[in-house]
Amino acid sequence: MARLPLLERLDSGDHLCLIVDDDIAGREALTDAVRAGLRGGDRVLYCSADTVEALGRLRPAVEAIAGGDLRVRPIESSYLSAGVFHPAAALRFLRQEVDDARDAGYRGLRLLTDMSWASRSAPGVDRLPEYEAEANTIFAEGYAMAVCAYDPRLFDPLSRRGLAQAHLGTVATGEPFDPSSALRVRPVREPFGIRLLGEADLLNHAALRAVIDHLLGSLPGERATATVDLTQLRFIDTAAARVLLLAYQRGAGRLKFVGRPTALARLFDLHGAGEPAGTV
């Protein structure tokens with residue numbers, strides 16, 4: 001069985017959809033990601049419907065559990081409060097864990113979740129893509145990262161596609177993962193905004209939309225602007241470019257771009273929006 005040291009290439013800000021169609025490979029992948037996080041000085045948060053099985057596999061890390069470096073949470077106290085899934089409640093849980101890790105002095109927070117529970121008929125689970133997309137606004141702060149393991153045998157094709165598009169990147173177990181093939185979002189303090197790296201396309205456009213909408217919504221005043229640095233974006237397709245165009249139009253000039261990807265410039269021209277404001 002191939003090991004997956006590729007998960008060690010993840011960095012703070014990443015949000016990866018891990019496709020696992022083999023139970024053993026999936027468990028090994030998440031276990032490896034736990035070890036990598038602990039070695040890197042992160043607090044690791046592991047969420048699973050079967051915490052007994054998870055604790056059994058993570059027994060060598062018992063000292064980390066006792067010391068707080070590793071937290072193992074059942075789905076009922078993380079994603080399913082009172083047996084119901086609600087995006088806002090799940091986001092509050094994630095925010096609290098991020099704040100706790102930061103206050104405790106950890107380098108970052110690494111969230112690892114076995115998402116098999118989502119195939120059950122829990123009330124509200126149809127809103128899971130909404131949560132996955134909005135969670136990117138927290139990861140875009142550059143402190144936390146996440147790996148969400150989905151078994152494609154448990155979800156219909158349409159659901160799988162929507163869930164994958166809500167992540168910044170997708171990889172299958174046993175396949176090499178090139179971080180530059182995913183979309184990476186990093187905060188920029190001066191000028192205020194974000195930097196996009198890697199690839200923005202149909203496979204992650206829902207995640208991109210959530211991040212851009214949040215960026216616009218977080219502006220402190222009517223005259224404030226946000227910058228989106230595209231200079232390290234090696235590819236953007238029409239779907240992702242349209243996300244940026246619509247945000248630009250909605251923001252009425254409050255969104256500025258650094259960099260001129262061809263697909264974005266062509267789309268702006270097609271819609272008569274002119275040159276993307278602030279591009280250089």
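Values below: all heavy atoms of this structure, side chains included; hydrogens, waters and symmetry mates excluded. This chain uses plain numbering: 1 for the first residue, then up along the sequence. Since the model is a prediction, treat every value here as computed from it, not as a measurement.
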Looking only at atom types and distance, does a side-chain atom of [X] sit under 3.5 Å from a main-chain N or O of [Y], one as donor and one as acceptor?
X	Y	value
Y150	A164	no
R107	G40	yes
N204	E199	yes
R110	V34	no
R127	P87	no
N136	A166	yes
D237	A240	yes

Work out which heavy atom in [X] is nearest to a heavy atom in [Y]; give both atom names and the distance.
X	Y	value
V185	A140	CG1-CB, 3.7 Å
A133	A206	CB-O, 4.0 Å
A90	F85	CB-CE1, 3.8 Å
A224	P220	CB-CD, 3.6 Å
L18	A172	CD1-C, 4.5 Å
S180	R234	OG-NH1, 3.2 Å

Report task. Apply the test side-chain contact (heavy atoms from CB on, under 4.5 Å) to residues R250 and L216: give CA-CA distance (whole Å), side-chain angles for both, the deciding distance (0.1 Å), then the verdict. Result -> CA-CA 9 Å; R250 190 168 61 256; L216 278 175; 4.2 Å; yes

Going from [atom1] on [X] to [atom2] on [Y], what distance comes out if it is rounded to the nearest 0.5 angstrom?
X	Y	atom1	atom2	answer
E132	L91	CD	CG	9.5 Å
L10	L168	CG	CG	11.0 Å
L45	D69	CG	CG	13.0 Å
I194	H214	CD1	NE2	10.0 Å
L112	L16	CG	CG	10.5 Å
R71	R43	CZ	CZ	3.5 Å

**Report entry** Geometric class of the H15/H167 ring pair [parallel <30°, tilted 30-60°, perpendicular >60°]
**Finding:** tilted

Query raised in the report: Any idea how Y79 and Y131 line up, ring-wise: parallel (<30°), tilted (30 to 60°), or perpendicular (>60°)?
Result: perpendicular

Cluster link [X] to [Y], ILVMFWY, side chain under 4.5 Å:
X	Y	value
L215	L246	no
V72	V44	yes
L208	V228	yes
M145	L38	yes
V147	V20	yes

Considering only heavy atoms from C-beta outward, does the side chain of [X] approach that of [Y] to under 4.5 Å?
X	Y	value
R73	C47	yes
Y106	D42	no
L219	T225	no
L255	I212	yes
L203	T170	no
Y143	L109	yes
L94	F139	yes
L154	S116	yes

Short N-O contact, [X] and [Y], less than 4.0 angstrom:
X	Y	value
R95	D100	no
R102	D99	no
R186	D229	no

Report summary line: Which of L196, D14, L233 passes side chain to side chain contact (heavy atoms under 4.5 Å, CB included) with R184? It is D14

Requested in this report: Would you check, one step at a time, whether the test side-chain contact (heavy atoms from CB on, under 4.5 Å) holds for L244 with I236?
Outcome: CA-CA 10 Å; L244 298 182; I236 183 170; 3.9 Å; yes

